[in-house]
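So that the names make sense, note that chain A is the first sequence line, chain B the second, and so on, each numbered from 1. Because only heavy atoms are used, hydrogens play no part in the values below, and waters and symmetry mates are left out as well, while side chains stay in. This is a predicted model, so every value here is computed, not measured.
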Number of protein chains: 2
Amino acid sequence: MIEATLPQASLLKKIIEAVKELVDEANFDFSETGIRLQAMDKSHVALSFLHLREEGFSEYRCDRAQTLGIGLGSLSKILKCAANDDQVQIKASDSAETLELAFESAGKDRVSEFKLKLMDIDTDSVDVPDMDYQATVSMSSQEFARIVRDLLSIGDTVSIDATKQGVRFSASGDDGKGSILLKHQKTVDDEKNTPANTTVQINEPVSHSLALKYLSNFAKAAPLADRVTINLIEDAPVMFEFKISDIGHIRFYLAPQIDEDMDV
Amino acid sequence: MIEATLPQASLLKKIIEAVKELVDEANFDFSETGIRLQAMDKSHVALSFLHLREEGFSEYRCDRAQTLGIGLGSLSKILKCAANDDQVQIKASDSAETLELAFESAGKDRVSEFKLKLMDIDTDSVDVPDMDYQATVSMSSQEFARIVRDLLSIGDTVSIDATKQGVRFSASGDDGKGSILLKHQKTVDDEKNTPANTTVQINEPVSHSLALKYLSNFAKAAPLADRVTINLIEDAPVMFEFKISDIGHIRFYLAPQIDEDMDV
DNA sequence: GGGGAGCGTG
DNA sequence: CACGCTCCCC
């Protein structure tokens, strides 16, 4: 038996919006402690992780661990039927074949109920070990989204270079090249004027080439978090983390592209 | 070697927005005294002039005169990557094959660099003699833009009639006719309440028919100047001038349409 | 607070 | 391809 309630449907809507472009269907693992999702994208290049802790729900109950296979397209359609400030409750009985969603309007005067057929999903579970990253960038998620959008008009691939000085995003295409450097700033908390600081923690400088179309998908998580953390390590996927306040986080891993220069 | 800096990218953005619809690619002539551009539109009906004086830049250096052929679509894409209050510096070395643009955010914490491939552009240089205009209208550029937009919903062609009393813009189409008269006002400077005065200096009344779609393009320059000056003379192109404060101006010339009544 | 531009959806 | 929504700029 699963029952979980969120006071604002908008949160769940944004979460599903952020992953549904990458993943068609995914297993949601419900346990006492909360909900987890792990899914490769269709082309097996990007990995999405979602964790929502039980404390983040206004009501949470999960008698025994249960995995629900959900088509994200269908779920997204149903969530479009919820107003942003509806309360949303999801329910499933043990070995249920459907997920039940109930939306209640803020004024309690409208109650909507939807049932979503569950599916069996073969999951290629990938273990992602915790790594010691060589570089960690923290920046405004909105600025991240803006940079990705800007560079998409220049080329298909972005190079992310993290150094002690800051992080550089660069791309090139037929019309020319573009590069944006965000300087590392010591965070100044006493000055409330500091809006969108960027910080770079470096053990060793790292550089990676990534397909912008995936980053463009990741950037859809920007509405969920003020900041994004980019974790880089040589010869391993880059991790993008958006912390969802009070409830969890969403993480994307993207394998770097083989550098063309090394391709020869 | 060329180096020129503007404190506000928004100025350059607006300038390029104002000409890019008319001109796909254009030669920018850099000299010690500033930057000039002269370009016919695709259909060779409208002529665009741009002059930016060196004093208007926060930094200007041009060792020797140089002509840079620039694709305005590509340049516009790059300028979209600048925030409005970024500082923008453009650079080109002698006989360079690329134009370099550097944007620096107001907080200095973001520096973006773009390279734009230059191109060879055949230019049909037209000499436009200084003329004694029969009528000169000065009016609010915003009101000009509004009138053009309004009349576009009536017809394709506007007739501009300047008399001592004022200036009349009129159009007609299938649904009917429209006409807007702006009365000549003696400029009253002591009354600060006077918002958008129109003045008409007349030597001789003039009337011209012009294609509204071009005027609609010219009106894109309205954000650059509070006022527009319209200069009319019989049997010659109409000149629209937008003065860009402290730095120069942008002018459009448009050949009048042969009056249908005289076409018979 | 209103208008315009870019993006996603039907 | 057009409409509506959202973010950004004025």
Quiz item: NA contact type, B:Lys13, heavy-atom cut-off 4.0 Å: base, sugar-phosphate, or nothing?
Solution: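 Touches nothing.
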Quiz prompt | Residue-phosphate contact under 4.0 Å: A:Lys80 side-chain N/O, C:dG10 OP1/OP2 | solution =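 For C:dG10, neither OP1 nor OP2 has a side-chain N or O of A:Lys80 closer than 4.0 Å.
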Quiz item: Is any side-chain nitrogen or oxygen of A:Lys77 closer than 4.0 Å to OP1 or OP2 of C:dT9?
Solution: no
Please state how far atom [atom1] in [X] lies from atom [atom2] in [N], giving the value in whole angstrom units.
X	N	atom1	atom2	answer
A:Lys213	C:dG8	NZ	P	15 Å
A:Asp150	D:dC8	CG	P	12 Å
B:Leu11	D:dC10	CG	C1'	16 Å
B:Asn84	D:dC9	CG	P	6 Å
B:Glu17	C:dG3	CD	P	20 Å
A:Arg146	D:dC8	CZ	P	9 Å
B:Arg149	C:dG4	CZ	P	7 Å
A:Leu79	C:dG8	CG	P	19 Å

Self-check item: Sidechain N-carboxylate O distance under 4.0 Å for A:Lys115, A:Glu113
Solution: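 The answer is no: the pair does not qualify as a salt bridge.
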Practice problem: Could you verify whether a donor N or O on one side chain and an acceptor N or O on the other, from B:Thr5 and B:Glu59, lie under 3.5 Å apart? | Solution: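 On atom types as modelled, these side chains qualify, holding a pair under 3.5 Å.
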Quiz item: Would you say B:Ser105 and B:Asp86 make side-chain contact, with heavy atoms under 4.5 Å?
Solution: yes
Quiz item: Of all residues at least two apart in sequence or in a different chain, which pass the ring pair (Phe, Tyr, Trp, His ring centres under 6.0 Å) check with B:His51?
Solution: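 Once residues adjacent in sequence are excluded, the partners of B:His51 under the ring pair (Phe, Tyr, Trp, His ring centres under 6.0 Å) criterion are B:His249.
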